[in-house]
Amino acid sequence: MENIIINGLQQGFIYGFMALGVLLTFKILDFPDLTVEGTFPLGSAITAKAVVVGFNPVLAVLLGALSGCLAGLATGLMHTKLKINYILAGILTTSGIYTVMLRTMGQPNLSLLNKKSFFGIVLSSCGIVEKELTLFQYQAATITILLVMIVAARVLLGWFMKTDLGFTIRATGDNEKMIRSLGVNTDRIKLLTLVISNFLVALSGALACQSQGFADVGMGIGVLVAAIASVIVGEMFFGSKKLSLLLTGAVVGSVIYRALLSIGLRLNLPAEDFKMVTALLVLLALAIPKIKIRVKKPSLDRNTHVVGGINSDKA
Amino acid sequence: MIKLKGVYKVYFPQTPNQVIALNNININVREGDFVTIIGSNGAGKSTLLKILAGIDKVDMGQVELAGEDITNYPEYARAKDIGRIDQNPLVSTAAQMTIEENLAMAYMRGKKRGLHKGITKKRQELFRDVLKSINMGLEKRLQVPVNTLSGGQRQALALIMATLAEPKLLLLDEHTAALDPKVAKEIMDITCKIVETKKLTTLMITHNMEQAIKFGNRLMMMHRGKIILDIDEVEKARLTIPQLIEKFTAVSGDVFADDRVLLAN
């Protein structure tokens, strides 16, 4: 039980940054961005390499997160300047990222054994010596650090979405024509949002790398669906489409989702089935509203469409 | 105020479906003019407004607004001077955002948007005052998402949003056509009030001849991409619907055959 809670909180917070990033693009901007499958391991790989060559782990995490900005920018430029379909743009960037990761690390994975971790540095800067802590105390300390970070991210994002600039992001996802007619260059808004979103996703990858002590080029597979599942779980948890609850919901959903995975592992459920189960759950969550609408008013369901995995009602 | 010089717009060029939507349009609209534009389907009315708003690009010719050549400006770059309302109430507002959020975005029309708080007490007061002036009770519903409003309420909100930041030009593309007659009249009254108090230069497309004659100080009739009639204030004051149809037949050599326009009376 303890393990499930610890795991759920720790992994949930780490992947919570990613859920926030995915919420921003998929749900708020209505731009299904597949880049994140590459951005997540990229953040991880850059951080690992930076630590190995001797960077301070805190700086390494920052570098990892910033690498995500570049990936988001690449996808955004392909889509806005070259008019490449957003799905394809994301796939192209992800494909390119694999080479970047392999070239950076020089191998498909990189271990950080015996290197000081991000969490150790933060603890020692608070005057706590890592080696004197029991395992439980260390885990509690890690979770506290992550909690402070994710709350900060949630608060910042919530504040940002309430500014004039934040409004334009929401409006671009809601009614692009309208906000353009009010003098907003929506291409620029899409670029900005992709940069912020991929920053969060790469930060998530960087922290995952620091928490597990290694980076691997394959660690991005399936993270997007998991993040969408977290967003959906969060939405169901609060049962509201209010923006502030969607943001908090993404983090809460991420914790619940990771806790459920831990429970699954604890019950000795076959881990190889998890991705299929997650995919089916997401599919189910998306299908239910569609089916409901079809039952209620068969002629109007054209106004409701599924974009990038999250139901968006444009009517 | 607005000058169009030799403007051409062709859709689907060099295909069997080629349409010359605008065929050598030359107009000079003075500041403060309220022009009503009438014409049958496919006459080029909406294209004309889209060219002015920058949604469509001209193929040839020049567009000037307040002495500035804006021919090659993208839509977002001219938005600070131009407010536009579509006939579809869903187009001009962001459905999932609240009334006050929509107004805040309109308030910042054409300005640089930064990290200033979108909703402040000061802005809310301003929004309440403006909404009160149209008497629809919207001032009490600032925090309500726009998708809960009726078509008429959304169109009224769109009107406020189009004119809140004092644009130089207001474009109305049959903005009452999708509403029921009673609501359409209300929206038209609000339109007149706003245009008068703000002394806005306005171009209004309408399918309704009576409306075209009743409102504004200038009437243009379009047909097959050309402006075939341009009637000034004095002449317009004496104009009747049968006379307008007669004039159309004389100038175009066609029979006026658009049920929607005729039945609208």
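Treat the numbers as computed from the prediction; the structure is a model and nothing was measured. Chain naming here is simple, since letters A, B, ... match the order of the sequence lines and numbering starts at 1 in each.
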Legend entry - Side-chain donor-acceptor contact under 3.5 Å, B/Asn17 with B/Thr15: no

Legend entry - Atom group of B/Ala53 that falls short of 4.5 Å from chain A, counting heavy atoms: neither

Inset, instruction - Compute the ring centroids of A/Tyr15 and A/Phe40, then answer whether they are less than 6.0 Å apart. - result: yes

Inset, instruction - Give a yes or no on whether a salt bridge exists between A/Arg180 and A/Glu176, defined as a side-chain N under 4.0 angstrom from a carboxylate O. - result: yes

Legend entry - N/O donor-acceptor pair under 3.5 Å between A/Glu37 side chain and A/Leu224 backbone: yes

Legend entry - Heavy-atom pairs under 4.5 Å with chain A, option from B/Gly118, B/Ala79, B/Ala165 with the top count: B/Gly118

Legend entry - B/Glu31 and B/Lys168 ion-paired at < 4.0 Å: no

Inset, instruction - Report the option among B/Lys80, B/Glu101, B/Arg78 that has the most heavy-atom pairs separated by less than 4.5 Å from atoms of chain A. - result: B/Glu101

Inset, instruction - Among the options A/Leu165, A/Asn185, A/Val184, pick out the one with the most heavy-atom pairs lying under 4.5 Å from chain B. - result: A/Asn185

Inset, instruction - Identify whether the distance between the nearest side-chain nitrogen and carboxylate oxygen of B/Lys132 and B/Glu139 falls below 4.0 Å. - result: no

Inset, instruction - Please determine if A/Lys27 and A/Glu235 form a salt bridge, counting it only when a charged side-chain N lies under 4.0 Å from a carboxylate O. - result: yes

Legend entry - Cationic N near anionic O, under 4.0 Å, B/Asp86 to B/Lys50: no

Inset, instruction - Among B/Arg123, B/Lys112, B/Lys111, B/Met161, single out the residue with the greatest number of heavy-atom pairs under 4.5 Å to chain A. - result: B/Arg123

Legend entry - Contacts with chain B made by residues 68-82 of chain A (heavy-atom distance under 4.5 Å), listed by residue number: none

Legend entry - Polar side chain donor-acceptor pair, B/Thr201 to B/Asp33, under 3.5 angstrom: no

Legend entry - Toward chain B, the part of A/Ile179 with a non-hydrogen atom under 4.5 Å: side chain

